[in-house]
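As structure tokens, the structure follows; a few thoughts come after it.
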Protein chains: 2
Amino acid sequence: MDQDSVDLLEESAFSAHPQFASTLAHGLTVLKCFVGGASTLGNKDIAERTGLTRPTVSRLTFTLMGFGFLRRDRKTNQYALGPGVLSLGYPVLSQLALRHVAASEMLELAQFARGPISVGTRDRLQVVYVETVQGRDTNSTKPDIGSTRPMLRTAIGRALMYAHHPEDRKILSSRLKTAQPEEWEQFSSKLESAFAEIDSMGFCTVIADWRPNLAAVAVPVLAPVNGLTLALNLTVPAYATDRAQLEKSLGPRLVSLVRNAEYKLGLV
Amino acid sequence: MDQDSVDLLEESAFSAHPQFASTLAHGLTVLKCFVGGASTLGNKDIAERTGLTRPTVSRLTFTLMGFGFLRRDRKTNQYALGPGVLSLGYPVLSQLALRHVAASEMLELAQFARGPISVGTRDRLQVVYVETVQGRDTNSTKPDIGSTRPMLRTAIGRALMYAHHPEDRKILSSRLKTAQPEEWEQFSSKLESAFAEIDSMGFCTVIADWRPNLAAVAVPVLAPVNGLTLALNLTVPAYATDRAQLEKSLGPRLVSLVRNAEYKLGLV
DNA sequence: GCATGAGTTCCAAATAATGGAATGCATGTT
DNA sequence: AACATGCATTCCATTATTTGGAACTCATGC
């Protein structure tokens, strides 16, 4: 089964594959320019970032606009992502049963802990949030659906790796090792201890590995939900908690929330 | 300015345009198969729905998987939208300043009215939701970000048309007229009265034009926010309200919420 | 063990993408 | 007001890529 984990192929192996459709890839690369970069770009900027020529970019942006994936600012003639990309995400969200069965418990725990709870899945080598819930009266900003997190530095990333089938986990690890050697060097031992934590307690804890002022616990969902491998996290300001609270209170509470959701979903 | 409203071109004029990149378009058409249709499809199914041949679809799906826009179920060998599409939506959401400045007032009003409040913008000839807020203890389901609504049947659609520049509104109307002749026939007069309502009171009201058991008020945002033309709605079960409450209480409250947000955003 | 259905590979034909050069358009400058 | 600059688009010949029929492989079920 050659075609199985195309999303984990190395860039060069991917684009050299006989099945690779380069024009489609170019168009998608244009879209990617707007993710995690400038929010508006002209054809010139896109050409520079993608290595495509200006006429080519012009045709691609034209086509992407027709599908509603790009829009253009009348004033500046610059492009931005269009609302059409949101409707692509809708089926992914609405089909995710976990969001409904766990919603009220997530809100309750988020209130109690005074920090947001998120559900994440994997997009290539990153975590992407598919749901976030936050109580009222917290001053922390709620991370948006679709935002991404590094896999190795975060609690949810480590829990998410744990959630994968051993076979997939192996492929994933080896890709991370080659794609992010310095991250791997720095965090692979912490990944191992996270796995041990999860084995013994059901959750893993991270303090300040990603953001110096954040502490988090995370729990893997033990079977795929609607085909997606999932994990949940609960984050709080580092100054507002300590290891004891994380390990005695927040971690176990998040575990029981997840076990309960798994039960409701019939994953048992 | 030939390139301005490509998103409102008719299908035939779009695909015949010399700037049209057909391979990219084919790939995007494959993605669209998963929006508002079956959630999982095999290459065969995609080939049938798109009119492309199986080998072609195979290459396109391969490429889309590499970008994380499609994933594949190991068991059934069927494709589904991948988590990567969510990260495309993130910049659109996070850059939308309105979501932040209006969040707490939206929640308050949603609690009061016992119905969800949504922010919508336009994707081609539809409304697409960019934000939804719902109070606790309502039994209505909260519409998801990225879900779409018809333009002519809904209060938010009519308010959104109102929010457009007259010039754009004209183009939009004429495209709706030709693309949805029966809808236009049935609702264009209601569109006119909605405009009149908005002119005099700031909001428009719809009862049961879209869903027989839903009533809604909607308010246009009077200037684009981050380049997006917006409108807000508030929906409640039809049995739980009446025209008087909509016109005396909910409508005016939503108007003042929107005027307040516009002020905070400096749109004045 | 065989038939069926789906996905992929192969390859030659043809279509569509590509990029350098020229053109058009708008903005800001002297 | 005329000009210069920068960017987007158009044009078109070349080239590379896409394309789809046919063959092949694999899995499933009878």
Side-chain angles (χ1 to χ4, degrees), chain A residues 1-7 9 12-31 33-34 38 40-67 70-80, chain B residues 1-7 9 12-31 33-34 38 40-67 70-80:
Chain A
M1 200 85 323
D2 192 8
Q3 229 82 311
D4 250 1
S5 42
V6 182
D7 61 322
L9 244 40
S12 60
F14 176 47
S15 56
H17 196 285
Q19 292 244 54
F20 185 76
S22 63
T23 310
L24 172 56
H26 288 159
L28 300 178
T29 304
V30 168
L31 284 182
C33 290
F34 295 90
T40 69
L41 297 167
N43 277 341
K44 170 82 180 306
D45 307 311
I46 298 172
E48 278 169 6
R49 278 157 211 245
T50 57
L52 302 165
T53 61
R54 289 189 295 284
T56 299
V57 171
S58 184
R59 280 183 297 261
L60 296 174
T61 51
F62 173 87
T63 306
L64 290 166
M65 281 212 299
F67 279 80
L70 285 182
R71 62 185 171 83
R72 133 176 309 196
D73 187 77
R74 270 196 158 65
K75 281 267 160 52
T76 63
N77 254 19
Q78 294 228 315
Y79 298 95
Chain B
M1 200 85 324
D2 191 8
Q3 229 83 311
D4 251 359
S5 40
V6 183
D7 62 323
L9 244 41
S12 59
F14 176 47
S15 55
H17 196 284
Q19 292 245 54
F20 183 77
S22 63
T23 308
L24 172 55
H26 288 160
L28 301 178
T29 304
V30 168
L31 284 182
C33 289
F34 295 90
T40 69
L41 296 168
N43 277 341
K44 170 82 180 305
D45 307 312
I46 298 171
E48 279 168 5
R49 277 158 211 246
T50 57
L52 302 166
T53 61
R54 288 189 295 283
T56 300
V57 171
S58 183
R59 281 183 295 261
L60 297 173
T61 51
F62 172 87
T63 306
L64 290 166
M65 282 214 297
F67 279 80
L70 285 182
R71 62 188 171 84
R72 137 178 303 196
D73 186 77
R74 270 194 159 66
K75 282 266 162 53
T76 63
N77 254 18
Q78 294 228 313
Y79 298 96

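The shown structure was predicted, so the numbers you read here are calculated from the model rather than taken from an experiment. Labels below follow one simple rule: chain letters A, B, ... track the order of the sequence lines, proteins then strands, and each chain is numbered from 1.
Between the A:Thr40 side chain and the A:Ala80 main chain, no donor and acceptor come within less than 3.5 Å of each other. The backbone N or O of A:Ala25 lies less than 3.5 Å from a partner atom in the side chain of A:Thr29, making a donor-acceptor pair.
Between B:Arg54 atom CZ and C:dA6 atom C1' there is a gap of 8 Å when expressed in whole angstrom units. A straight line from NE2 of A:His26 to C1' of C:dA17 spans 10 Å, rounded to a whole angstrom. Atom CG in A:Asn43 sits roughly 14 Å away from atom C1' in C:dG19 (whole-Å rounding). Across the protein-nucleic acid pair, B:Phe62 atom CZ and C:dG7 atom P stand 16 Å apart, rounded to whole Å. The distance between atom NZ of B:Lys44 and atom C1' of D:dA27, rounded to the nearest whole Å, is 16 Å. As a whole-Å value, the separation of A:Lys75 NZ from C:dT27 C1' is 14 Å. Computed from coordinates, the A:Gln78 CD to C:dA26 P distance equals 17 Å when rounded to whole Å. Computed from coordinates, the B:Arg74 CZ to C:dG7 P distance equals 17 Å when rounded to whole Å.
Remark: A:Ser58 is not in phosphate contact with D:dA8, judged by side-chain N or O atoms under 4.0 Å from OP1 or OP2. For B:Asn77, no side-chain nitrogen or oxygen approaches OP1 or OP2 of D:dA27 to under 4.0 Å. Residue A:Gln19 has a polar side-chain atom (N or O) positioned under 4.0 Å from OP1 or OP2 of C:dT9. Under 4.0 angstrom from either OP1 or OP2 of D:dT9 there lies at least one side-chain N or O belonging to A:Arg72. Between A:Thr53 and C:dT18 there is no side-chain N or O to OP1 or OP2 distance below 4.0 Å.
Toward the 5' end of DNA chain D, the nearer of the two residues A:Leu41 and A:Leu24, judged by each one's closest nucleotide, is A:Leu41. The residue among A:Thr56 and B:Asp45 whose nearest nucleotide of DNA chain C lies closer to the 5′ end is B:Asp45.
Here the CG atom belonging to B:Leu70 is positioned 11.0 Å from the CG atom belonging to A:Asp7, to the nearest 0.5 angstrom. Once rounded to the nearest 0.5 Å, the distance linking CG of A:Leu60 with CD of B:Gln19 reads 9.5 Å.
Summarising the geometry of A:Arg59 relative to B:Pro18, their closest heavy-atom pair is CD-O, 4.4 Å, with the distance given to 0.1 Å.
With sequence neighbours left out, A:Thr61 forms a side chain to side chain donor-acceptor pair (under 3.5 Å) with A:Asn43, A:Tyr79.
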Between protein and nucleic acid, restricted to nucleotides 10-16 of chain C and to nitrogen or oxygen atoms under 3.5 Å apart, what atom pairs and distances do you find?
from: C:dA16; atom 1: O3'; to: B:Ser22; atom 2: OG; distance (Å): 3.4

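No close placement of the A:Phe62 and A:Phe67 rings is indicated, their centers lying 6.0 Å or farther apart.
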